[in-house]
Every structure is written in structure tokens, then in C-alpha cells.
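No hydrogens, no waters, no symmetry mates; every other heavy atom, side chains included, goes into these values. In what follows, chains carry the letters A, B, and so on, assigned in the order in which the sequence lines appear, proteins first and then strands, with residues in each chain numbered from 1. Every value quoted in this text rests on a predicted model; they were computed, and no experiment measured them.
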Amino acid sequence: MAKARGRKKRPGKRKGNSRGRWLTRLFWLLVVVGLLFLLAVDAVVYQKFTGKKWSLPSHVYSRTLELYQGLSLSREQLKWELDSLGYKQVTAAKAPGQYSVSSRRVEIFSRGFEFWDGSEPAKLMTLTFAGNSVSGLVDAKRVEMPLARLEPMIIGGIYPAQKEDRELVQLGQLPPALVAALVAVEDQGFYSHHGVSFRGIFRAFVANVKQGRVAQGGSTLTQQLVKNFYLDQQRTLTRKALEAIMSVLLEIHFSKDEILETYFNEVYLGQAGVRSIHGFGLASRHYFQQPVEELELHQIALLAGLVKGASYYNPWRHSDRAQQRRNLVLDVMARQGVIDATQAAAAKKKPLDVVTSRPGGGRWEYPAYLDLVKRQLREDYQASDLETEGLRIFTNFDPQVQRKLERRMVSRVKNLESGYRMTAGDLQSAAVIVRVGAGEVLAIAGDRQPGYAGFNRALDARRPMGSTIKPAVYMTALEQPSLYTLSSQIDDAPISVESENGEVWQPRNFGRESHGQIPLYEGLGYSYNQATAKLGMDVGLPAIINTVRRLGYEGSMRELPSLMLGAVEMSPLDVAQLYHTIAANGFYSPLRAINSVFTAENVPLKRYPFAAEQRFDPTVIHLIHYALQVVMREGTGKSAYKRLSQDLVLAGKTGTTNDQRDSWFAGFSGNYLSVVWMGRDDNGKTPLTGGTGALQLWTDVMSELDNRSLVFNQPEGVSYHWVETKTGLLGRKGCAGSRYLPFIDGSEPIENGRCIPEPLDNVVDWLKDKLGW
Amino acid sequence: MVRMKYPLSILLVLLFVTGCAPMMAPVSGPPSTPPAPATPPPDDEPGDVRDGVPGDVIVPSSPAPERASSSAVAQLVANAWEYSRAGEYDRSNAVVERALRINHTEPEIYLVMASNYFAMAQLQLAEQLARQGLPLAGSNGAVKRDLQRLLSQIISAK
């Protein structure tokens with residue numbers, strides 16, 4: 001009651017005091033809230049700027065091109081490589097990233113690069129050519145160099161869902177003219193304001209009022225960075241206020257250089273398909289295919305001009321606009337004293353100089369290979385790390401080999417379709433090319449159409465492998481030299497095998513003919529199904545499956561008799577793994593797409609070294625190499641020699657499945673292994689056999705590669721003997737039907753055939769002759 | 001009587017025939033006369049057959065001539081040995097793998113790698129690499145000896 005009375009007695013004064021108190025409290029409350037808000041904003045500004053600023057996609061690189069005397073590389077191929085790397089052709093190479101060409105020479109000023117085994121400094125070198133190979137390599141002082149290498153090219157990336165791509169650069173890397181151009185065009189008072197420029201806002205306000213539209217922005221570079229880096233794209237007063245506060249806070253905490261460097265990496269500068277190009281580092285490669293350090297003035301001006309609107313000034317779509325904008329930037333630079341009028345005038349005369357093919361259609365075109373890279377990376381890295389940690393992934397991808405494969409595949413598939421009157425577009429193909437010995441996957445085609453990013457047949461199309469499995473059957477037999485040799489007689493006659501479920505399997509030869517007793521090597525060379533089935537049943541399915549496993553296949557296999565003729569389904573990559581073990585002298589090496597991985601900061605992270613494991617004895621490999629050469633010289637693969645040199649030693653095997661639904665060829669020289677598949681996606685019939693389809697493309701591709709002969713050295717434990725092929729008994733040189741065959745020591749025939757006359761017969765014949773009987 | 005009349009001649013004939021017959025079957029060297037071609041139609045490829053190529057073209061390789069790339073390989077191998085001696089085994093392997101890419105039939109490449117893995121106590125891999133290099137060593141006596149010695153060391157260390 002007393003309180004109530006009191007209030008009633010002095011209402012005006014009390015009311016005034018109370019309001020004042022509340023206002024004071026409210027004021028302090030607002031101050032506290034404001035401070036807390038500022039603190040919170042400050043924390044956000046500070047933490048994001050000092051922490052990991054961006055999610056960086058990983059970038060994938062090709063192999064390094066090693067240059068040395070004797071390298072099979074034409075002047076044109078080298079020029080293509082240099083152009084793809086963004087080297088500029090000039091009259092005389094004077095700086096990194098330049099090259100010059102004369103009739104027999106190419107002079108290159110290489111860029112420096114950090115490799116796993118050390119850094120390669122930028123250097124001037126001259127290569128001379130003789131025909132299609134490098135005949136000399138000298139340095140700037142004309143001193144012979146044993147070898148040099150070019151940096152690898154970027155062939156793709158691994159992106160997060162939003163596909164924001166950038167290549168980080170440091171301020172020190174940037175050409176001073178670029179920094180000056182940006183400041184001159186976007187924020188002349190950058191080095192004097194504290195995040196917000198009232199003068200700039202006023203100037204923009206006046207300009208906009210004069211023109212009656214929003215023609216100029218008053219945002220500083222710091223504000224632009226805050227808008228892009230911390231805020232969304234809303235244009236409200238609240239957001240503008242927050243932007244100003246954050247800009248000031250940013251300037252309090254960080255130096256101008258730190259802010260500028262972040263701006264240079266943050267700003268949006270273009271689009272490549274679904275990929276957005278951020279930062280000047282990547283933009284430089286995107287528009288000019290050059291590192292930012294090498295940009296010339298006219299290129300610098302274009303990039304600086306694009307900041308205002310990369311889409312509006314897109315140099316490919318709106319070249320006139322882009323050129324006007326570039327020239328305006330050059331004028332501003334001249335006005336600001338960054339360059340002189342002569343430099344500006346000279347730069348204005350230059351073309352835009354952007355790469356001819358727009359990125360997205362030009363460089364990121366190897367999805368099938370990238371698919372393999374990603375799969376192999378996922379064995380060691382989380383998908384999120386690959387998309388955000390900016391890893392630099394160096395692969396074994398050879399763009400020159402890939403280019404040849406793609407070009408030949410396109411023409412051969414079309415040619416076969418028209419030649420066999422197939423419906424256009426029905427025939428599909430896939431191929432894998434591997435470097436023999438090193439086990440490096442060099443090229444992959446997953447579709448007849450180069451650059452197709454859909455179903456990757458080279459990795460995912462598991463199709464019956466047909467007769468390409470036969471070497472496994474014959475190797476299983478040859479591993480038992482006491483029972484089987486290349487001259488062992490096997491019966492190529494109709495055969496019936498009853499499986500456990502009562503089904504009867506009756507394989508027939510392709511030509512529906514039987515050939516009776518034939519030597520073992522002929523069974524493989526001519527790909528006789530009946531003989532192979534008979535041999536396979538004798539050696540046993542479990543042993544054959546074991547051989548296939550040792551060759552490197554890890555997938556499932558059913559123990560069915562039809563497996564011996566290739567009923568097992570494999571992808572071209574699986575088949576390449578099997579044949580690589582054969583090509584590499586029986587040593588299994590996992591096929592590798594990745595060479596090494598570096599962090600975004602260029603710190604070596606992981607290497608994928610060469611490894612090998614002996615799975616077969618060299619003597620057995622020698623014998624199977626012999627039989628696979630019979631395929632190429634005399635059997636189902638011999639048409640390859642119509643277009644390849646007879647001097648080249650090759651080994652390989654055709655494969656055709658039922659109703660000719662799949663056409664395969666797997667074969668190798670001394671340094672390249674290629675596996676080709678052809679067929680239809682709907683598994684329909686084709687008119688192609690392994691020889692008329694896949695082998696033709698295989699030959700096309702191999703004819704373009706620098707093949708060396710398969711090294712067919714006679715290993716210890718193998719000796720050669722003349723043998724009668726019809727009987728398997730010892731024959732002799734010059735005797736019809738005799739053949740010179742390799743045998744694992746102790747397995748050679750000891751009984752003489754008819755070619756070798758018995759001593760007594762000779763005597764009798766001689767006597768008959770002498771005595772006239 | 002006839003038999004007794006020419007015993008020496010018969011003996012000489014016997015010796016000649018029995019002695020020469022095995023000699024007529026050579027144990028090495030390529031044949032000079034092609035064996036009769038046996039070319040039944042291939043079952044995998046009915047439509048593309050041409051006359052048989054004599055089987056005598058399939059003979060063991062003679063030693064490969066010195067390749068022009070050998071100086072590059074030699075340089076890389078020498079660099080790899082330097083890194084290996086400095087204990088930088090991974091770098092050494094990275095260097096020698098460059099040589100492997102250029103010519104995988106050079107046996108010293110496998111010797112370097114096997115030595116590095118042996119030093120890194122990766123005996124299994126060291127053994128496999130030494131075994132891979134051995135058949136390639138052929139006439140290269142020094143490398144062959146080194147590979148054999150290394151292989152014995154690896155096996156006794158296992």
C-alpha cells in the first residue's frame with residue numbers, strides 16, 4: 001500500500017526518473033548487445049580468415065613428358081604437348097613458358113616444377129629431330145643433356161557438389177602489373193582507407209545520380225571481399241551495414257597484403273560448364289592456359305576487367321565487350337601512372353589472346369581415365385577429402401597415347417559399321433593401353449565417343465571374354481611339363497561335358513570343323529575350341545581358375561566347363577591386368593593410374609610405387625609367349641602384320657563370344673599392352689569376330705605407337721628342339737612338318753620321328769643303292 | 001661271305017649314319033628352311049586368312065642393340081644410386097622408376113629397387129624385384145652377379 005501511495009503522490013517526477021533509468025538501461029543494454037554482436041562478428045571475421053578459407057577441389061595431372069635422345073616424338077607431337085601446356089610460340093624463347101620452332105629444331109624455355117624426386121628448374125633447351133624421333137638435346141650452352149622433362153598438364157579435377165574451382169596463388173607470384181591494375185580499376189584508395197571509403201561512396205552516389213541509374217559501386221576491395229567471402233548476394237541496407245562493419249574489422253586484424261591476396265583467390269572470374277572459376281590463378285589457365293606469372297599486359301588488363309562481370313564480359317561470347325573493357329582498364333592504368341601511354345597503346349593493339357577452344361570442351365575431356373583415378377584414390381582417401389583438400393594428383397595418363405587411341409577408335413568403329421552395314425551408332429567399343437613392365441595405365445577409352453562421361457565400358461562393361469581366356473588354359477597345362485609341352489598332341493574332336501546339374505556342354509569350333517590330333521601350340525594359335533575344351537577338362541577347372549587368379553583377376557568365377565572358353569565376364573581393364581602379368585614375364589604388378597599425391601601446399605603426401613610379384617616361372621612364360629606369337633604370325637591375329645612391321649615381335653589373342661556378341665583382342669609388344677573390346681550395349685549379335693573387329697582397332701592403335709619388339713630371350717631351363725608337329729616326336733631341320741619349338745628342360749621328346757632315319761635303315765638303303773637291288 | 005668281305009665299309013657306314021643323325025637335329029640357332037606351313041582355317045577369324053607365315057620367324061631374341069635412350073636410363077640409374085647411398089630410398093625409387101618407364105628391360109633398374117627395399121627391410125618386395133631383374137641380366141655379368149648376391153642376402157635375411 002505504501003508503495004502505491006508513494007507513486008500517487010509524485011507521479012511526474014517518478015515517471016521521468018523511471019523513463020530516464022530505463023533509457024539509460026536500454027542504452028547500456030544496446031551497448032552491451034552491440035558489443036556482443038561486434039565480438040561475435042569479429043570472431044566470425046577472424047576465424048574464417050585465419051582458418052581454412054576454401055574447400056579446394058583436387059586437381060589431376062597427366063604424366064610428365066621425359067625428353068631424351070632417341071625418344072620417339074615428332075616435332076608436331078612436341079608442339080602439341082607444348083600448346084596443351086600453354087607454352088607460347090615465339091621467334092626466340094627467352095622466358096619460361098615459351099618455345100620456338102625451326103625446320104629441325106624446337107627450342108623450349110621450360111617452366112620449373114616440383115616433382116616427387118626433386119625440383120626441376122626452368123631451363124632453356126634445344127631439341128633436334130631426325131624423322132619422328134629426338135636426335136639431340138642440348139642446354140643453353142649447347143652442352144648435351146642426357147634428359148630433361150616438362151611439367152605435367154592438368155587433365156581434370158575432383159569437385160564438391162557446388163563445383164567451385166580455384167588454384168591458389170600467393171601475392172608474390174602475381175605480376176605487379178596485375179595487382180596495380182586491379183587496384184587502379186576497382187579501388188584506387190585501397191591502400192589508404194580502413195575498409196570503407198566514404199569518398200568512394202560519395203563519388204559513386206554522385207555518378208549514379210548524374211546518370212540516373214546504378215552505374216558505379218562505392219564498395220572497396222575489402223567490402224567486395226567481405227560480400228563474397230562472408231555474406232550472401234542480398235542487397236539490403238542491413239546487409240550493407242554488416243558488410244561495412246566486417247570490412248573495418250577485417251582491416252583491423254589483417255594487413256592490406258593479406259586482404260588483397262585473399263581477394264585474388266576468392267573473386268569469381270568465369271564459368272566452365274558446371275565449374276565456376278574463382279581466383280586469378282585458375283582464371284589465367286582458364287582463359288589463356290598459362291600460369292598467372294607469365295601473363296602479359298593485355299592479358300592482365302582483360303582479367304582485371306572481368307572482375308566487374310565475368311559473364312557480361314565473357315571474351316568468347318562477347319569479344320567486343322571484353323575488348324572494350326580491357327582497353328578501358330588499360331586507359332585507367334595509364335591514367336593512374338601504372339603504365340605509360342605507349343605501353344597501353346601497344347597492349348590495345350593485341351588480340352584478346354584467349355585460348356581457341358573453350359575450357360569444358362577442350363581440356364577436361366578424359367572422364368574415363370579420371371574415373372579410374374577416382375576409384376583408385378578412394379582406396380586411400382575419403383571422398384570429402386578429395387573434394388575439399390586441394391590435393392594434387394599425378395597420374396600415368398599419357399595424353400599423346402590417349403589422343404591416338406581416341407582418333408583411331410572413332411574412325412575404325414564408323415568404318416566397321418559402314419563396312420558391315422550395321423545400324424549407325426549400334427557398335428560400341430572400349431580400350432585400355434598399359435605400359436608393359438611398369439604396369440602403368442596410359443590411356444582409356446570407355447565409349448566410342450571421346451570425352452563421353454557416361455557409362456565407362458573399359459571399367460564397368462563386364463562381358464564374356466571369349467577366347468582371350470585361353471592362354472590361362474594353356475599355361476595351366478604347360479606348368480606341368482612332364483605331361484604337356486607345346487608339341488603335345490591334343491584331340492580337336494567334338495566333346496561333350498556333363499555338368500553337375502545334368503546339362504550337357506558341347507563346344508564346337510567356329511568353323512564347325514574338327515582337326516583331329518594337333519600340337520598344343522596350334523590349339524591356342526588357331527583358337528580351336530574343341531581342343532582347348534579337351535585340354536581344359538584334362539588339366540581341371542580348379543587349376544585353370546587358380547591360373548586366372550594368379551594372373552590377377554580377383555572377381556568371382558563359377559566352376560563351369562564353359563569358363564574354359566571364356567564364359568567368365570570381365571572388363572577390358574580386368575583383361576589388361578591378366579595380360580600384363582603374361583607380358584611382364586609372369587610378374588604380377590597391379591595396374592596403376594596414380595603416380596603420386598601432393599597436398600595443396602605442394603608437400604609430397606603419398607607415392608604409388610612400382611611393385612611386382614612373381615606368379616609364373618619364366619620357362620612357362622617363354623612357352624606361352626611362343627604360342628601367342630603363333631597367334632600373331634600364323635593364327636587368328638595374323639592380319640595385324642599386314643600393317644605392322646614383320647620385324648616387330650608381338651604376342652596376342654583374339655576373342656569372340658557366342659553369336660559374335662563380343663569381339664576382343666588383347667596383345668602386347670615389348671613396351672605397350674592394348675586390350676580392345678567391341679560389341680553392342682544391348683548384347684546383340686554383331687558380324688564381327690575378334691579378328692575382324694577388335695584386332696583391327698588394336699592394329700590401328702599399335703601402328704601409331706612407338707612399339708619395341710617383345711623381348712623373347714631364351715631363359716635358363718628352356719631349350720629348343722626340332723619336332724615333328726604331326727607326331728610330337730623329334731624331327732630335324734629341313735624335314736617337312738618339323739618345327740623348332742621351345743621345351744622346358746627334360747620335357748623335350750626323346751623318341752625320333754620319321755624325319756630321323758634309323759641307322760640300320762640308312763645302311764640298308766645305302767647297300768641297296770650300291771648293289772643295285 | 002659277303003658280310004665278311006666288307007666289314008670295315010659296313011662299320012664306317014654305320015658310324016657315319018649313327019654319328020650324323022643326331023647332329024642333323026640342331027639344338028640352337030634359327031632354322032634356314034621353313035617348316036611346312038600348317039594353316040587350317042582359324043576358328044576365331046574365318047574371314048581374314050592369308051597364306052601361312054613360316055613358323056621359323058618365332059625364335060629367341062638375340063641380345064638387344066644398344067638403344068639411343070640408354071644414356072638417359074644410365075643417368076637416371078646413376079642418380080638413383082646416389083640417392084640410395086644417401087639413404088633416400090624413396091626418392092631413389094622414384095628416380096629409377098623414371099628409367100623403368102623408358103626401358104623396363106634394363107636389369108640394373110631392378111637391382112637399384114631391390115637394394116633400396118632390402119635396405120628398407122621390405123624383404124618380400126626386394127626378393128621379387130631381384131628375381132625380376134635376373135632373367136633380364138643376360139650377358140651383363142656384373143649386374144647378374146650383383147643381383148644374385150643380393151638375392152642370397154635377402155633370402156638369408158628372411
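- Salt-bridge formation is not detected for the pair Arg98(B)/Glu440(A): no Lys NZ or Arg NE/NH1/NH2 atom is positioned less than 4.0 Å from an Asp or Glu carboxylate oxygen.
- Taking the side-chain contact (heavy atoms from CB on, under 4.5 Å) definition, one finds that Thr64(A) meets it with Phe115(A), Arg149(A), Pro152(A), sequence neighbours left out.
- Both the backbone and the side chain of Gln132(B) have a heavy atom closer than 4.5 Å to some heavy atom of chain A.
- By number of non-hydrogen pairs under 4.5 angstrom with chain B, the leading residue of Pro146(A), Pro618(A), Gly437(A) is Pro146(A).
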Would you please test Ser527(A) and Lys653(A) for side chain to side chain donor-acceptor pair (under 3.5 Å) and show each step?
-> CA-CA 8 Å; Ser527(A) 203; Lys653(A) 184 70 194 80; 2.8 Å; yes

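- Contacts between Gln614(A) and chain B at a heavy-atom distance below 4.5 Å involve backbone atoms as well as side-chain atoms.
- For residues 149-158 of chain B, heavy-atom neighbours of chain A at less than 4.5 Å comprise no residues at all.
- Of the atoms belonging to Val436(A), heavy atoms from both backbone and side chain fall under 4.5 Å from chain B.
- Ser467(A) and Lys470(A) form a side-chain donor-acceptor contact under 3.5 Å, judged by distance and modelled atom types alone.
- Aromatic ring pairs are classed by plane angle as parallel below 30°, tilted from 30° to 60° and perpendicular above 60°; the pair Phe712(A) and Tyr626(A) is tilted.
- Contacts of Pro609(A) with chain B are made by both backbone and side-chain atoms, with heavy-atom separations under 4.5 Å.
- Note: Arg607(A) leads Arg607(A), Glu66(A), Gln629(A) in heavy-atom pairs under 4.5 Å with chain B.
- Under the side-chain contact (heavy atoms from CB on, under 4.5 Å) criterion, Ser92(B) pairs with Ala80(B), Tyr83(B), Ser84(B), Val112(B), Asn116(B), not counting sequence neighbours.
- Proximity to chain B (any heavy atom under 4.5 Å) is shown, for Ile518(A), by neither the backbone nor the side chain.
- A cation-pi arrangement is present between Arg615(A) and Tyr588(A) under the rule of less than 6.0 angstrom and at most 45 degrees off the ring axis.
- Using a cut-off of 4.0 Å between Lys/Arg side-chain N and Asp/Glu carboxylate O, Glu82(B) and Arg91(B) are scored as not salt-bridged.
- Between Tyr740(A) and Trp722(A), the two ring planes are tilted [angle within 30° to 60°].
- Listed by first then second residue, pairs satisfying salt bridge (Lys or Arg N to Asp or Glu O under 4.0 Å) with a partner in residues 130-144 of chain B read Glu716(A)-Lys144(B), Glu127(B)-Arg131(B), not counting sequence neighbours.
- At a 4.5 Å heavy-atom cutoff, Asn79(B) makes no contact with chain A through either its backbone or its side chain.
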